[in-house]
Structures are given as C-alpha cells and as structure tokens.
Participant: 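Quick one: structure below, then a few questions.
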Amino acid sequence: MQAGAKKREESAAMKIAFSTSGENLDAPLDSRFGRAARFLVLDAEEGTFELIDNAQNLNAAQGAGIQSAENIIRAGADCLVSGHCGPKAFRVLQAAGVKIYNCTAATIAEALEQFKAGKLQAAAGADVEGHW
Amino acid sequence: MILAVASGKGGTGKTTFSVNLARVFNAPVQLLDCDVEEPNAHLFLNGTPLGNESVSISVPEVDESRCDGCGECGRFCRYKAIVAIKTSPLIFAELCHGCGGCAKICPRRAIREVPRPIGIVETSQSENITLVQGRLNIGETMAPPLIREVKKRLTKTMPAILDAPPGTSCPVVATLRDVDFALLVTEPTPFGLNDLKLAVAMVRELGLPFGVAINRCGVGDQRVHEYCHGETIPILAEIPDDRRIAEAYSRGRLIVDALPEYRDLLQNLWTEIGFMSAPFREAQP
C-alpha cells in the first residue's frame with residue numbers, strides 16, 4: 001500500500017508542462033501562462049513530449065488562465081513551469097495538485113535544466129494579478 | 001416610445017443629449033441611465049430621491065457531500081465560472097453570468113443558486129423627469145444583468161430615454177434591445193467617425209431605425225458628414241462647438257436652462273425622431 005503510493009508519487013512528478021510559442025525544447029519559454037499559444041508537456045523520464053494547443057485562450061475575454069489550467073491538467077501534467085501565474089489559474093492548478101514553478105529562463109531547455117538542478121522553487125501563491 | 005442614445009466613442013455627448021432631450025419634453029418622461037459603470041445623468045438633474053433597491057445575480061453553490069466530481073457543470077459553463085477537474089467544483093463567482101445552467105445540468109442535484117449582489121438601482125424625480133439609474137458595485141464586471149434590471153423599471157405608459165454606455169459591446173446591446181429608435185451621437189473627428197461606423201454596424205445588425213446627432217460641430221473635419229451622406233444616414237441635429245456649452249456642462253447645468261436659444265434645436269430633434277421611430281413608421285399605410 002505504502003509502496004504503491006510512493007510509486008505513484010514518483011511517476012507523478014514526471015510530467016512537466018512549459019508555456020511556449022514554439023514547438024520544441026529550444027523554443028522560448030512564454031512568460032504568460034493563460035495566453036500562451038501552447039504547452040509543451042514533457043515526460044521527463046522518457047524524454048518525449050506532446051504539444052497542447054492553447055490558441056482558444058489567446059483572445060478569450062476572460063477565464064483564459066482557468067481554461068489553460070484545465071488544458072494542462074487534462075494532459076496529465078504534474079508540474080507547470082511558466083513565467084507567471086495569476087490567482088484563478090493558481091487556484092485550479094493547486095486544487096488538482098499541480099505544482100507551479102515561476103521561471104525567467106529564455107528557453108524551455110534552459111528552464112528544464114534549472115528545474116532538474118533544483119534551482120526552481122514551487123510557488124506558494126499567484127505571483128501576478130489577473131489580466132496582468 | 002423608447003429612445004436610446006448611444007455612440008461608439010465615449011465622451012461625444014450621449015448624456016448631454018439625453019438630459020436635455022428629457023428636459024425639453026413637454027410631458028412626464030422617464031430617463032434611464034444605463035451606463036451603470038459610471039452613471040452621470042444625475043449630476044445634471046439634482047432630483048429628489050424616491051428609493052433604491054439592491055440587485056443580485058444567482059451564482060452556484062456546491063453541496064460537496066452530493067458532488068461526485070463528474071465535471072458536467074464545468075463542461076457546460078462557457079465562462080469558466082465553475083470548474084471541476086479531478087476535484088469537486090471550484091467556483092469563480094465574479095465570472096458567473098447567472099444563467100443557472102450548471103444547477104440544471106448537475107445529475108446529482110448538488111448545485112443550488114445563491115444571490116450575489118452586483119449593484120443598485122436608484123430612482124429620483126426632477127421636475128418632469130423620472131430618473132432610474134443603475135450603479136454597478138466597484139470592481140464588478142457584470143453590467144448587462146444590472147442594465148436589464150434598470151430596464152425592468154420602464155413604465156410602458158410613459159415615453160423613455162435610455163442613456164447607453166459607450167462602445168458596441170454587451171452592455172450597449174443590452175441597452176438597445178427592444179427600443180424604438182437609436183440616436184447615435186458623434187463628433188466630427190477621425191475617432192468619432194471610426195467609432196460611429198462601428199455603432200452603425202451594430203444598430204443595423206439589431207434592425208433598429210436610427211439617426212445621427214453631431215456634437216461640437218466646427219472642430220475636426222467634414223468626414224462624418226460625408227460618411228452619413230454616402231450611407232444615406234439622416235443627420236438629425238448638429239450642436240456647434242460652443243464654449244458656453246462646455247462651461248454650463250462643467251457646472252452641472254443643462255444647456256436648455258443655461259442657453260435657452262438651444263431649446264428649439266432639441267425640440268426639433270424630438271420631432272425628427274418621432275417621424276422616424278418604429279411605432280410611427282409601422283402606423284403608416
């Protein structure tokens with residue numbers, strides 16, 4: 001029972017979502033979460049990734065952060081690495097147990113390196129207001 | 001007869017036309033200030049308060065003991081005011097438009113609706129004018145439900161003027177629904193023209209008879225006039241760029257009181273609107 005729970009936790013830490021305008025690991029890390037063009041969801045163990053389209057939220061009048069949070073939760077992400085995260089998105093991600101890491105790296109590869117090196121700290125709350 | 005005074009661009013003179021048209025109307029008239037984010041008609045009327053009422057919209061509340069986390073509510077809500085993924089629903093009441101769909105669709109009947117105050121409706125009387133104005137709570141974004149509440153106070157037996165918010169978005173459309181005529185106020189500047197075109201597209205989409213009033217004639221250029229002539233849109237009134245009007249306005253005085261020479265212009269505007277409005281046209285053989 002305990003071992004099972006531990007195993008789940010280990011494998012659960014393996015899917016990381018990055019906000020981006022590009023389509024591979026060399027692409028820029030988008031500092032915006034809700035209005036990012038897409039998310040790159042990396043399976044850190046396998047080294048494979050999938051791209052989640054987020055275009056529907058680019059011009060959404062409201063609820064972009066909430067919908068984006070839904071998108072990455074459905075993709076099975078356990079962590080989010082993005083520039084900033086507003087209060088509504090934070091609430092949704094937190095409820096689903098997704099950890100949020102604010103990061104200023106220029107590219108996904110750079111952000112991943114910082115993440116792996118343990119240089120990023122899980123955020124305790126939203127770091128910007130809504131509609132920043 | 002329900003007249004709406006709208007514009008694309010803000011600050012062109014919607015309220016100036018609304019309050020002055022109301023004052024020169026030679027009978028009791030209702031004035032509804034539908035610019036609920038910043039109502040200002042009252043500044044010119046100094047009315048006697050008749051009362052005010054709080055307005056709420058219905059937002060969901062979840063009984064978590066009944067919720068099984070199926071997520072139907074979140075899939076239904078297009079405004080993302082309720083979200084349920086892997087969890088019992090999270091509610092973002094400030095995004096809720098109060099449609100009640102989530103409560104209806106919930107298979108477990110775990111959602112009930114509770115009122116959330118969004119603003120107030122105030123009524124006052126100033127001579128022949130009964131002013132009804134909505135005042136949205138600070139920080140609130142749900143203008144249309146409050147505008148609909150303001151419009152519910154309309155008395156069918158008395159003519160009404162609806163002072164619309166600027167722009168062409170939901171609050172304006174909520175104001176313009178079911179009116180008999182739209183008066184579009186603009187100014188003869190490139191900004192005025194650009195936003196007038198948007199307003200014209202909106203009232204045409206709504207199928208409303210409409211005409212244009214040009215404020216501060218003499219500033220800017222001739223392009224608003226040329227556009228109206230080209231589109232065969234009637235220009236029903238032109239108020240010149242008169243410094244004395246600005247001075248009266250800055251003191252909260254009505255043009256027709258401070259500068260009686262403008263009374264004819266506004267009374268003629270009523271006559272023009274009467275000829276063009278829907279009830280009159282429908283009465284024609």
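In the text below, chain A, chain B and the rest are named by the order of the sequence lines, each starting its count at 1.
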Participant: So with a 6.0 Å cut-off around CD of A:Glu50, is the heavy-atom count from everything else above 12?
Facilitator: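 More than 12 heavy atoms, drawn from other residues, nucleotides or ligands, come within 6.0 Å of this atom.
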Participant: Calculate, to the nearest 0.5 Å, the distance between atoms CD1 and CD1 belonging to B:Ile85 and A:Ile72 respectively.
Facilitator: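 Taking CD1 in B:Ile85 and CD1 in A:Ile72, the distance rounds to 9.5 Å.
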Participant: Pairs in or reaching into residues 59-82 of chain A: which pass ring pair (Phe, Tyr, Trp, His ring centres under 6.0 Å), with residues at least two apart or in two chains?
Facilitator: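 Matches after skipping sequence neighbours: none remain.
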Participant: Kindly compute the distance separating CD1 (A:Ile66) from CG (B:Leu95), expressed to the nearest 0.5 Å.
Facilitator: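 Atom-to-atom, A:Ile66:CD1 and B:Leu95:CG are 5.0 Å apart.
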Participant: Suppose we count any N or O donor within 3.5 Å of an acceptor, strictly below that value; which pairs fall between chain A and chain B?
Facilitator:
unit_1  : atom_1 : unit_2  : atom_2 : d
A:Gln62 : NE2    : B:Tyr79 : O      : 3.4
A:Gln67 : OE1    : B:Lys80 : NZ     : 3.3
A:Glu70 : OE1    : B:Lys80 : NZ     : 3.0
A:Arg91 : NH1    : B:Ile91 : O      : 3.1
A:Arg91 : NH2    : B:Ile91 : O      : 3.2

Participant: Of all heavy-atom pairs between A:Val92 and B:Leu90, which one has the smallest distance, and what is that distance?
Facilitator: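 Here A:Val92 and B:Leu90 meet closest at CA-CD1, 3.5 Å.
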